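Step one of this worksheet: look at the structure below.
Only a predicted model underlies this, so the values are computations on that prediction, with no experimental measurement involved.
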Amino acid sequence: MISAVKTEEVDRDQELLDAYSRTVTSVAEQVSASVVKIEVQAPAPAGKGRGPRPGGEPGMGSGSGFVVTPDGYILTNSHVVSGAKRITVALLDGQRAAASLVGDNPDTDLAVVRIDAPHLTALSFADSGALRVGQVAIAVGNPYGFDCTVTTGVVSALGRSLRTKSGHLVDDVIQTDAALNPGNSGGPLVDARGQVIGVNTAMIMPAQGICFAIAANTASFVMGKLIHEGRIQRAYLGVAGQNVPLHRRVVRFHELPHETGVFVVSTEPDSPAGKAGLRDGDLIVAYGDRPIAGIDDLHRLLTEEQAGVASTLTIIRDLKKQVLQVAPSLRR
């Protein structure tokens with residue numbers, strides 16, 4: 001009897017493992033053809049990892065990217081292609097094509113390049129606002145030049161903030177334990193359906209299992225702007241924040257339409273937010289007459305047209321609702 005129970009448990013565990021394996025295998029097959037290796041040739045400061053070699057040969061580097069439109073647009077990290085003299089894209093089937101830089105936004109560590117190649121398959125974006133901690137995350141890229149490597153893990157945390165090399169603080173970053181290594185940068189982080197939930201961008205080198213990705217909603221917005229305009233011009237408040245749940249009593253008392261808001265982690269000196277009187281620890285719940293449920297909502301409203309336009313910022317401070325007057329400035 002005991003043996004039969006153990007056998008049943010083993011069979012059940014095997015079923016679960018097989019289901020997980022089938023999911024990862026299916027996603028890998030679905031996604032891999034759209035993931036590319038990006039090789040760059042660029043001068044770099046002497047003494048750096050990609051610095052000039054003896055004889056003046058420019059530095060070489062590589063990263064990952066993925067196809068976002070069938071006509072050759074590819075999304076990657078800004079730090080992979082920024083300053084490159086020459087960009088080459090290698091596809092899974094062995095094709096190699098010269099790429100041109102369409103647009104670069106160091107503040108979100110995102111960039112778009114384009115190649116002229118036939119029969120490209122584009123990946124689609126998921127709604128990163130619907131992500132949950134613990135759900136499966138699959139990273140595909142080219143770590144250390146090993147083409148199309150697949151690693152798996154889970155979404156470890158949401159709403160993180162990450163400072164890019166430009167010094168800008170990117171909000172609503174995904175933390176994952178899917179293994180990333182140098183060369184994974186710019187590759188997709190996908191869900192169990194093969195949809196992009198983030199763009200892999202960084203790892204903490206001394207740590208194990210702490211890696212970050214720019215959320216898909218942010219990446220999709222930035223990508224669209226870079227493709228159509230070649231650059232990002234946005235109004236900014238000068239706030240570092242993260243998404244947090246609001247206490248139900250606060251929601252009911254103030255009759256708020258959402259149960260989440262933006263927790264102010266810090267404000268930049270002499271920024272519009274600082275001049276408006278915004279403080280660390282405030283909770284942003286509305287901008288103008290638009291309710292704010294999270295960072296994405298605020299980013300969508302801070303368009304170029306909002307620069308210099310006076311508006312209101314509704315906050316919760318010490319459980320009380322307050323309205324501040326703010327005028328965002330233009331930031332490229």
Side-chain angles (χ1 to χ4, degrees), residues 75 77-79 82 101-112 125 128-129 159-173 199 201 214-244 257-258 260-317 321-332:
L75 187 61
N77 283 154
S78 169
H79 76 261
S82 181
L101 181 63
V102 174
D104 178 20
N105 184 236
D107 284 350
T108 55
D109 196 21
L110 294 169
V112 174
F125 288 87
S128 57
R160 297 297 197 207
S161 296
L162 180 69
R163 194 169 297 280
T164 62
K165 290 187 176 181
S166 71
H168 184 69
L169 201 64
V170 183
D171 297 311
D172 198 24
V173 172
V199 182
T201 188
I214 305 299
N217 289 358
T218 299
S220 180
F221 171 82
V222 171
M223 177 192 75
K225 284 287 189 179
L226 292 179
I227 289 176
H228 291 103
E229 301 174 21
R231 61 178 181 171
I232 295 285
Q233 282 189 305
R234 299 181 62 184
Y236 96 112
L237 295 176
V239 175
Q242 62 184 40
N243 300 341
V244 294
H258 299 297
T260 57
V262 176
F263 177 81
V264 177
V265 177
S266 64
T267 58
E268 297 179 14
D270 298 320
S271 67
K275 293 176 181 177
L278 196 67
R279 303 176 188 170
D280 298 359
D282 287 344
L283 290 165
I284 300 173
V285 295
Y287 179 81
D289 59 354
R290 303 290 292 275
I292 298 295
I295 291 292
D296 283 340
D297 292 341
L298 198 55
H299 281 175
R300 278 191 286 267
L301 294 175
L302 291 174
T303 61
E304 180 180 353
E305 292 74 22
Q306 293 298 313
V309 178
S311 187
T312 57
L313 200 62
T314 304
I315 64 169
I316 304 295
R317 178 186 293 168
K321 183 189 287 187
Q322 297 186 31
V323 178
L324 306 178
Q325 300 296 320
V326 66
S329 61
L330 188 63
R331 179 170 187 166
R332 300 191 179 194

To check you understand the geometry: which heavy-atom pair defines the closest contact between [X] and [Y], and what is its length?
X	Y	result
Pro257	Pro291	CG-CB, 3.5 Å
Arg279	Asp282	N-OD2, 2.8 Å
Val112	Leu101	O-CD1, 3.6 Å
Thr267	Leu278	CG2-O, 3.9 Å
Ser128	Ala215	OG-CB, 3.6 Å
Pro272	Tyr236	CG-O, 3.5 Å

Looking just at side-chain N and O atoms, do [X] and [Y] make a donor-acceptor pair shorter than 3.5 Å?
X	Y	answer
Ser78	Asp104	yes
Ser220	Asn217	no
Thr201	Asp109	yes

inquiry  = Checking Gln242 against Val265 for the side-chain contact (heavy atoms from CB on, under 4.5 Å) test, could you report, in this order, the C-alpha distance in whole Å, the side-chain angles of both residues, the deciding distance, and whether it holds?
reply    = CA-CA 7 Å; Gln242 62 184 40; Val265 177; 4.2 Å; yes
Considering only heavy atoms from C-beta outward, does the side chain of [X] approach that of [Y] to under 4.5 Å?
X	Y	result
Leu313	Val323	no
Leu110	Ile214	yes
Leu283	Val244	yes
Val326	Tyr287	yes
Leu75	Val199	yes
Leu237	Leu302	yes
Val285	Ile292	no
Asn105	Arg231	no

Reported [atom1]-to-[atom2] distance for the pair [X] and [Y], which is rounded to 0.5 angstrom:
X	Y	atom1	atom2	value
Ser311	Leu301	OG	CG	8.5 Å
Arg290	Leu298	CZ	CG	11.5 Å
Thr108	Leu162	OG1	CG	11.0 Å
Phe263	Ile316	CZ	CD1	13.5 Å
Ile315	Lys321	CD1	NZ	11.5 Å

inquiry  = Working note: Asn243 + Asp172, criterion side-chain contact (heavy atoms from CB on, under 4.5 Å); need CA distance, chi angles, decisive distance, verdict.
reply    = CA-CA 7 Å; Asn243 300 341; Asp172 198 24; 3.5 Å; yes
